[in-house]
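Working notes, structure below.
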Amino acid sequence: MVWSALTDGFAEALKRAGLWSEGRLARLELAIPREPAHGDWTTNLALLIARDAGRPPRAVADALVAAFPRDPEMFSGIDVAGPGFINFRYAQAFLDRLPSRILADGPLEAAARRGFGCFDHAHGLRVQVEYVSANPTGPLNVVNARAAAVGAALVRLLNATGHSADGEFYVNDAGTQVDLLGQSVAARFAERVGIPRAFPENGYQGEYLHDLARELSEREGRAALAGDNGEAWFRNQSLERILDWQRGDLAEYGAEFARWVRESELHARGDVDATLEALRARGMLYEAEGATWVRTTQLGDDKDRVVVRSSGLPTYLLPDVAYHHDKRARGFRHSIDLWGPDHHGRILPLKAALQALGLEPDFLEVLIVQQVNLLSGGQPVKMSKRAGEFITLRDLMEDIGADCAKFFFLMRSTNAHLDFDLDLARRQNDENPAYYVQYAHARIASILRFAAERGLAPAQFAGPGEPGLAAPAEQTLARKLAAFPEVVRGGALAREPHRLPAYLQETAAVFHRFYHECRVVSEDRALSLARLRLAEATRLVLHNGLALMGVTAPERMEREAEAAT
RNA sequence: GCGCCCGUAGCUCAAUUGGAUAGAGCGUUAGCCUCCGGAGCUAAAGGUUACAGGUUCGAUUCCUGUCGGGCGCACCA
């Protein structure tokens with residue numbers, strides 16, 4: 001892989017040039033320049049260490065270039081440019097061999113850390129990604145859908161880059177929200193069977209409450225209503241059913257979770273109490289106004305937080321701390337949590353409380369998944385959370401399909417608001433970027449079928465006389481394919497899955513250009529085989545990129561009912 | 001009032017963590033199907049990166065302030 005060759009090369013070059021230090025190598029940043037004239041790879045290392053080395057940037061760059069170990073099979077040119085950039089240019093032989101190497105690496109399987117695009121950057125670092133974690137009080141909404149797409153993609157990206165990452169879903173099945181659910185369903189049920197019962201203030205609204213009430217057995221429900229703890233029965237019955245809905249929808253959507261952890265487990269196991277005592281033992285608690293507080297201000301929070309209310313019940317914070325402590329105890333070295341936009345106020349308190357418990361300051365990383373505005377006909381789709389009327393994950397899957405939904409959610413950076421154009425997503429034509437990428441994949445599959453009918457397959461070689469990739473469109477495409485591992489590495493490192501769809505759209509565009517300029521299957525057998533391998537390598541890269549996004553890569557695509565018009 | 005996110009082409013968004021001449025899609029305009037899938041391609045037009053300062057070799061990116069939009073600021077989650 002090019003990235004590791006460059007990294008190793010600079011370690012060697014720094015030593016040979018008498019400029020070695022661990023810290024300088026750590027500052028090495030390799031990038032693929034957007035301007036082709038600046039080569040295929042570039043680094044500003046000389047600019048960064050010039051001051052420290054006491055020499056002008058260009059002199060440092062010249063020294064590094066002179067000392068850089070040459071591999072003519074990989075790079076034909078290493079140049080110093082501008083104020084001191086070092087630019088690398090691929091050798092023709094490297095580009096010619098690239099398709100074969102990509103095909104040898106094969107399909108990407110993130111969980112197995114295998115395939116073209118994977119590289120062991122992290123040596124199995126245990127990372128946990130907690131995402132969605134919706135309350136079990138209703139169907140999953142569009143922000144949940146966005147979080148599901150992003151979280152699942154992050155898990156795959158992390159595994160592809162040598163982390164050992166698991167997805168996890170935290171179920172808030174204790175506390176006031178699910179109690180309120182129980183009260184709401186109990187009231188709806190009572191309504192159904194003709195027993196007067198007040199609907200709770202701020203109770204949950206929406207059609208699904210009636211569905212739940214209908215599903216619950218009239219016999220058991222009536223008995224439960226009569227008992228003292230009727231609401232607990234309704235709460236438990238309802239949240240299990242809602243959890244089943246959520247699990248089913250997420251599985252269908254392709255978001256996988258290694259574990260579903262319940263808040264109630266933490267209470268039952270004594271983890272919450274143990275956390276409280278651990279905080280107390282560390283001198284981080286105090287009593288005031290009848291409540292128990294944790295000294296988070298000592299660790300960067302703007303106020304201390306209540307962990308046990310004057311009623312004796314814990315606030316949300318305590319089980320949250322217990323949960324994250326449990327993650328650490330299970331061997332995860334890092335936790336990436338995806339939270340909704342209305343929860344950013346919880347970041348500082350939780351981080352501070354975890355430190356109060358002795359966890360590393362950077363153990364927890366929180367990504368905010370920003371809100372989604374659904375647009376239809378250029379207008380926002382009206383949703384009323386109060387009335388329980390909103391578009392659900394299931395609605396989205398039925399309307400535009402899981403592939404398209406995931407592609408759209410992953411197109412934008414996670415922490416920016418997203419305007420989701422439903423009309424565009426519904427369109428099955430070239431304006432829809434999801435189809436654009438999938439179409440390129442299907443088109444290549446079609447070319448391969450066409451070639452196979454003529455006895456040509458990418459695995460065949462014409463022999464020593466086989467031509468290289470000479471046409472500009474071929475070279476542009478090969479260079480684009482070579483960039484894929486770096487997109488995966490950068491996307492994982494920056495937690496930015498949106499780089500994948502952007503790259504795939506570019507790759508598809510470059511392929512289409514190649515297709516128009518270069519006839520793949522022709523009378524020239526040797527040339528046909530070389531181009532067929534390039535096309536197949538492109539198909540594999542598109543497949544691998546889509547796989548990281550959780551989007552299918554179809555062999556064929558047919559439009560729905562358009563011939564009729 | 002305080003905190004977080006955002007402000008880039010008519011619209012929706014990128015810009016490789018501070019890099020070299022700010023790029024795509026949609027929309028607009030003008031073209032390309034005897035040939036491997038036209039769900040495709042080519043070209044044109046479109047910008048004082050909200051505004052004003054600052055930091056340095058270099059700023060869309062970092063800092064300060066102003067303006068505008070969103071979300072928080074509980075002994076709910």
Side-chain angles (χ1 to χ4, degrees), chain A residues 29-35 37-38 42-44 47-48 50-51 56-57 81-85 87 135 137 172 175-178 180 202 263 289-293 302-303 305-311 313-317 320 340-348 368 370-371 373 375 378 411-413 415-421 424 427-433 435-436 438-440 442-451 453-454 483 486-487 489-491 493-494 496 498-499 502-503 505-506 508-509 511-513 515-517 519-522 528 531-532 535 556-559 562:
Chain A
E29 277 174 34
L30 297 160
I32 297 172
R34 56 180 167 221
E35 174 60 54
H38 297 147
T42 185
T43 181
N44 59 354
L47 290 157
L48 294 178
R51 182 190 296 257
F85 295 103
N87 298 336
N135 282 342
T137 53
N172 290 290
T176 52
Q177 297 304 315
V178 283
L180 194 56
N202 300 321
E263 183 184 347
E289 302 162 45
T292 306
W293 301 68
D302 44 17
K303 59 180 107 163
R305 306 288 169 171
V306 172
V307 283
V308 180
R309 293 175 252 175
S310 49
S311 66
L313 293 173
T315 62
Y316 77 89
L317 183 59
D320 271 8
D342 49 341
H343 289 98
H344 70 247
R346 295 169 61 178
I347 299 175
L348 230 46
I368 294 298
Q370 281 293 352
Q371 70 180 67
N373 299 315
L375 301 175
M411 274 199 301
R412 305 300 180 218
S413 66
N415 75 339
H417 298 196
L418 169 63
D419 281 348
F420 194 119
D421 187 341
L424 179 62
R427 234 168 278 168
Q428 297 194 1
N429 61 21
D430 55 343
E431 296 163 31
N432 187 327
Y435 286 99
Y436 180 81
Q438 289 185 315
Y439 174 72
R443 184 183 230 183
I444 298 171
S446 170
I447 295 170
L448 289 163
R449 289 191 295 270
F450 181 87
E453 288 168 14
R454 283 152 187 76
E486 176 60 12
V487 173
R489 189 189 72 86
L493 187 73
E496 291 186 351
H498 75 265
R499 295 185 190 189
Y503 168 81
Q505 287 180 84
E506 292 164 15
F511 173 78
H512 287 309
R513 218 164 293 144
Y515 174 86
H516 280 272
E517 286 180 28
R519 172 89 196 178
V520 176
V521 179
S522 66
S528 297
R531 287 182 172 169
L532 207 54
R556 301 170 193 271
M557 292 172 79
E558 267 87 38
R559 269 186 208 176
E562 198 163 71

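Chain naming here is simple, since letters A, B, ... match the order of the sequence lines and numbering starts at 1 in each.
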Among [options], the nucleotide that comes nearest once only the side chain of [X] is considered:
| X | options | value |
| --- | --- | --- |
| H38(A) | A20(B), G37(B), U56(B) | A20(B) |
| R412(A) | G37(B), U12(B), U16(B) | U12(B) |
| P83(A) | C57(B), A77(B), A14(B) | C57(B) |
| V521(A) | A14(B), C75(B), C36(B) | C36(B) |
| Y515(A) | A77(B), U16(B), C36(B) | C36(B) |
| S413(A) | C75(B), A14(B), U21(B) | A14(B) |
| I447(A) | C36(B), A39(B), C75(B) | C36(B) |
| L47(A) | C4(B), A14(B), G19(B) | G19(B) |
| D342(A) | C71(B), C75(B), U12(B) | C71(B) |
| N415(A) | C76(B), C5(B), C13(B) | C5(B) |

Which residue, A291(A) or L448(A), contacts RNA chain B at a nucleotide closer to its 5' end, judged by nearest heavy atom? L448(A)
E486(A) or L348(A), whichever maps to the more 5' nucleotide of RNA chain B: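 Of the two residues, L348(A) wins.
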What is the distance, to the nearest angstrom, from the [atom1] atom on [X] to the [atom2] atom on [N]?
| X | N | atom1 | atom2 | answer |
| --- | --- | --- | --- | --- |
| N373(A) | C11(B) | CG | C1' | 14 Å |
| E506(A) | C13(B) | CD | C1' | 13 Å |
| Q177(A) | A77(B) | CD | C1' | 5 Å |
| Y436(A) | C26(B) | OH | P | 8 Å |
| N432(A) | A39(B) | CG | C1' | 9 Å |
| F85(A) | U16(B) | CZ | P | 13 Å |

Partner lookup for [N], please. Criteria are Watson-Crick or G-U wobble with both distances under 3.5 angstrom; report none if nothing qualifies.
| N | value |
| --- | --- |
| C71(B) | G3(B) |
| U64(B) | A52(B) |
| A44(B) | U28(B) |
| G58(B) | none |

Tell me whether the guanidinium CZ or amine NZ of R454(A) lies under 6.0 angstrom from the six-membered ring centre of F450(A) and within 45° of its axis. yes
Within the 4.0 Å heavy-atom criterion, would you say [X] contacts the bases, only the backbone, or no part of the nucleic acid?
| X | answer |
| --- | --- |
| E29(A) | sugar-phosphate |
| T315(A) | sugar-phosphate |
| P33(A) | base |
| I32(A) | base |
| E496(A) | sugar-phosphate |
| R489(A) | nothing |
| H512(A) | sugar-phosphate |
| E289(A) | base |
| P433(A) | nothing |
| R454(A) | nothing |
| Y439(A) | base |

Would you say a side-chain N or O of [X] is under 4.0 Å from OP1 or OP2 of [N]?
| X | N | answer |
| --- | --- | --- |
| R34(A) | A20(B) | yes |
| T176(A) | C76(B) | no |
| R513(A) | U42(B) | yes |
| R51(A) | C57(B) | yes |

Heavy atoms, side chains only, cut-off 4.5 Å: are [X] and [Y] in contact?
| X | Y | result |
| --- | --- | --- |
| R556(A) | R449(A) | yes |
| L448(A) | L532(A) | yes |
| M557(A) | Y435(A) | yes |
| P83(A) | L47(A) | yes |

If I compare all heavy atoms of [X] with all of [Y], which pair ends up nearest, and what's the gap?
| X | Y | answer |
| --- | --- | --- |
| P341(A) | Q371(A) | CG-N, 3.9 Å |
| T42(A) | P33(A) | CG2-CD, 3.8 Å |
| E29(A) | T43(A) | O-OG1, 2.9 Å |
| Q370(A) | N415(A) | CG-O, 3.0 Å |

Please state the [atom1] separation for the pair [N] and [M] - nearest whole angstrom.
| N | M | atom1 | answer |
| --- | --- | --- | --- |
| U8(B) | U55(B) | P | 27 Å |
| G19(B) | G58(B) | P | 14 Å |
| U61(B) | A20(B) | C1' | 15 Å |
| G68(B) | A50(B) | P | 16 Å |
| C5(B) | A43(B) | C1' | 39 Å |
| U28(B) | U66(B) | P | 42 Å |
| A15(B) | G7(B) | P | 10 Å |
| U12(B) | C6(B) | C1' | 14 Å |

State whether the distance check finds a donor on one side and an acceptor on the other, under 3.5 Å, for side chain [X] versus base [N].
| X | N | answer |
| --- | --- | --- |
| H343(A) | G72(B) | no |
| N44(A) | G19(B) | yes |
| S310(A) | C75(B) | yes |
| T42(A) | A20(B) | yes |
| Q370(A) | C5(B) | no |

By a 5.5 angstrom centroid cut-off and a 30 degree plane limit, is there stacking between Y316(A) and A77(B)?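 One would not call Y316(A) stacked on the A77(B) base.
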Enter syn or anti for the glycosidic conformation of U17(B), syn applying to angles within 90° of 0. syn
Taking syn as any angle within 90 degrees of 0 and anti as the rest, which one fits C4(B)? anti
Salt bridge R412(A)-D419(A), side-chain N to carboxylate O under 4.0 Å: no
